[in-house]
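So the structure is just underneath, and the comments pick up after that.
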Amino acid sequence: MSNALAPTDAPLMPAAAGRLGAPLAQMRGILAQPAVKRAMPLIFLIGLVAAGFLAWSLVSTPPQRILFANVTDADKAAISSALQGASIKSSIDGSGSITVAEDDYHKARMLLASQNLPKAAPGGYQILDQLPMGVSRAVEGERLRQARETELARSIEEIDSVAEARVHLATPEASVFVRDKTAPTASVVLKLQPGRALGDAQTRAIVNLVASSVPGMAPENVTIVDQMGALLSKKGNEANSASDARIDYQRRIEDKYREQLVQLLTPLVGAGNFTAEVQADVDLDESQATRESYDKEGAVISAEQGAWTGTKDGQAPGGIPGALSNTPPPASTVTAPNAQPTPGAPPAAGTTAAGASTTTPQKQSDSFTRTYETGKQVSVTRQAPGAIKRLSVAVLLREESGKPRSTVEIQQITQLVQAAVGYNQGRTDQVTVISRKFNAAADAADKGPAWYEAEWVPLAARNATALVIALLVLFLGVRPLTKALLKKREEPAAGNRPALSMSGPAGGDEAGPGAAPVSIDMLESAGNSYDERVGLVRGFTRDNPARAALAVRDMIKADAQ
């Protein structure tokens, strides 16, 4: 069976090879035509120019940047018209985003912002104007919540550090039962500007803004998150807040001393020739003391209550009887028991003018209750935090011209630093000043970014690359081809000159492979030697057989006539 198939399969292989080689043969045949050969340099020149233009367009086109994404078709048309009117080239990529050159990005943003483009869908309280008649209460409540969220987001976006903001409000339904009441909450997502951050004061301001805009919302029910997922609001953590406040206070004190050192050393050693660090050990403990004192020596009786008992000795009545005996006795006075009369004082009641004593009571017992008024002094002492317990300052100086600074200079700078920070030896403060050579990396950081990191470098490199490509195409491609075409045009024009009318034998011996080609000018400038002219004719016939045949034909025709 195999023997039978062999003769039938053998002719198929050359046929297949012929079908595969047919296009190549046809291509070679087309390229072998004289017209195609003559036009090949021009085709190659056009292709080379097109390749250079393509390379130029690819290199000279600046990188594109997305201006706006996910905008409506109406906004795309309006944005394109505005950019075209301002001579700013724009394009729309495959995802439907509008892109412009990176150099024109900020200019286009400002232009469109001045024209209020793109015109976003109505938001805020404007969506309440589009409510149709007869909507349900649930739909109306959702629209009102959406309007409130949009207005809050716009208010938050007014802060410089915030690029975009989104607010989500969770407001539960009102209930008549106290146990079922739930406080509203809010979540805020912020997209900050590149390289910007929100401070604690700004975060608290956003929290209070949202909490004050929703009835019944407490500030601790507001959560703020940035675009990186970091939690910015701190809820219910008073201990951490107090700790952060203390650390912030210590940092402010250190920054204050550091700024003083910078202002002091900059005129002395120059900016960038020193670095200073301050470590302050701050007493952040708050203490309070209360003291009461009494004045025991200056006691004063405020009240006295008591009684005493005693006997009185009787005496016989005496004196001159008469009218005076019937007069009432004088008013009695209270005298201390067993009190001695004061010299020169008038006689007390119960004592006659003659000095005779009347009845004198005799004290037997007493009982008194006395209340003394004592002096009282209350003193409250409160020591506020913030006292510096210890201060450590380190200053590093750059060596001048690679030479260390002198000891006297370092001592003078040390004394200046001690005076600037309020050095106190009793607190065991420490101030250290040394002079060293700075690292090359630190020097580069002080000098700022390198010149090749500037914004104009990529643009200049792009234009220079495009110019080099154009010059290479011009000098390596266009110029050689142009010379070749001009040379081929000059050769036929020169061949139509007296070469066709010259006479002489067409045959002869062939010259060696190293012989130089013979031109018409060489034939015309040949000497009178016959051998020399024959040799030149033979060389011309060898190099230009077609033209030699035409010359022989013209000679035959001339002889026939």
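Along the sequence shown, residues carry numbers from 1.
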Side-chain heavy atoms of Met217 within contact of Val222, under 4.5 Å | yes
Take Lys107 and Leu111 through the side-chain contact (heavy atoms from CB on, under 4.5 Å) test and state the conclusion after the steps.
-> CA-CA 6 Å; Lys107 180 180 178 181; Leu111 173 66; 5.7 Å; no
What side-chain donor-acceptor pairs closer than 3.5 Å can you find for residues 188-211, not counting sequence neighbours?
unit_1 : atom_1 : unit_2 : atom_2 : d
Arg196 : NH2    : Ser161 : OG     : 3.3
Gln202 : OE1    : Gly199 : N      : 3.1
Thr203 : OG1    : Gly199 : O      : 2.9
Asn208 : ND2    : Arg204 : O      : 3.1

For the pair Thr266 (side chain) and Gln263 (backbone), establish whether a donor and an acceptor sit closer than 3.5 Å, ignoring hydrogens and angles.
-> no
Interatomic spacing from CD1 in Ile98 to CG in Asp75 - rounded to 0.5 Å = 8.0 Å
CD1 of Ile88 to OG of Ser80, rounded to nearest 0.5 Å, is 12.0 Å
dist Gln115:CD -> Met110:CE (nearest 0.5 Å) comes out at 13.0 Å
Non-hydrogen atoms of Arg148 and Pro215 that approach each other most closely | NH1-CD, 4.1 Å
Minimum heavy-atom distance Val167-Leu169, with the two atoms named | CG1-CD2, 3.9 Å
Listed partners of Glu254 passing side-chain contact (heavy atoms from CB on, under 4.5 Å), at least two apart = Gln250, Arg258, Gln279, Ala280
Only counting residues at least two apart or in another chain, list the ones meeting side-chain contact (heavy atoms from CB on, under 4.5 Å) with Gln260.
-> Lys256, Tyr257
Starting at NE2 of His168, measure out to CZ of Arg166 and round the result to the nearest 0.5 Å.
-> 4.5 Å
With sequence neighbours left out, write down each residue that passes side chain to side chain donor-acceptor pair (under 3.5 Å) with Ser392, or none if nothing qualifies.
-> Arg390
Might you work through the side-chain contact (heavy atoms from CB on, under 4.5 Å) test for Leu268 and Leu416, ending with a clear yes or no?
-> CA-CA 11 Å; Leu268 183 61; Leu416 288 175; 4.0 Å; yes
Who passes side-chain contact (heavy atoms from CB on, under 4.5 Å) against Leu396, sequence neighbours left out?
-> Thr275, Ile434, Arg436, Phe438
Who are the side chain to side chain donor-acceptor pair (under 3.5 Å) partners of Asp226, not counting sequence neighbours?
-> none
Gln64 side chain near Tyr105 side chain, heavy-atom distance below 4.5 Å = no
Mind listing the closest non-hydrogen atom pair of Ala153 and Ala165 along with its distance?
-> CB-O, 3.4 Å
How close do Ile410 and Val433 get, heavy atom to heavy atom, and via which atoms?
-> CG2-O, 3.5 Å
Are the side chain of Lys76 and the backbone of Gly96 linked by a donor-acceptor contact shorter than 3.5 Å?
-> yes
Non-neighbouring partners of Ala394 that pass side-chain contact (heavy atoms from CB on, under 4.5 Å), sequence neighbours left out | none
Exercise: identify the closest heavy-atom pair between Pro184 and Gly216 = CD-O, 3.4 Å
Using the test salt bridge (charged side-chain N to carboxylate O under 4.0 Å, His left out), find all partners of Glu409 that sit at least two apart in sequence or belong to another chain.
-> Arg405
Would you name the heavy atoms of Val262 and Phe274 that are closest together and state the gap between them?
-> CA-CZ, 3.9 Å
With sequence neighbours excluded, residues passing side chain to side chain donor-acceptor pair (under 3.5 Å) with Thr99 = Ser91
Salt bridge (charged side-chain N to carboxylate O under 4.0 Å, His left out) partners of Glu142, counting only residues at least two apart | Arg145
Check the surroundings of atom CD in Gln84: do more than 12 heavy atoms from other residues, nucleotides or ligands lie under 6.0 Å from it?
-> no
Less than 4.0 Å between a side-chain N and a carboxylate O, is that true for Arg251 and Asp248?
-> yes
Side chains of Leu67 and Leu112 in contact at under 4.5 Å (non-hydrogen atoms) | yes
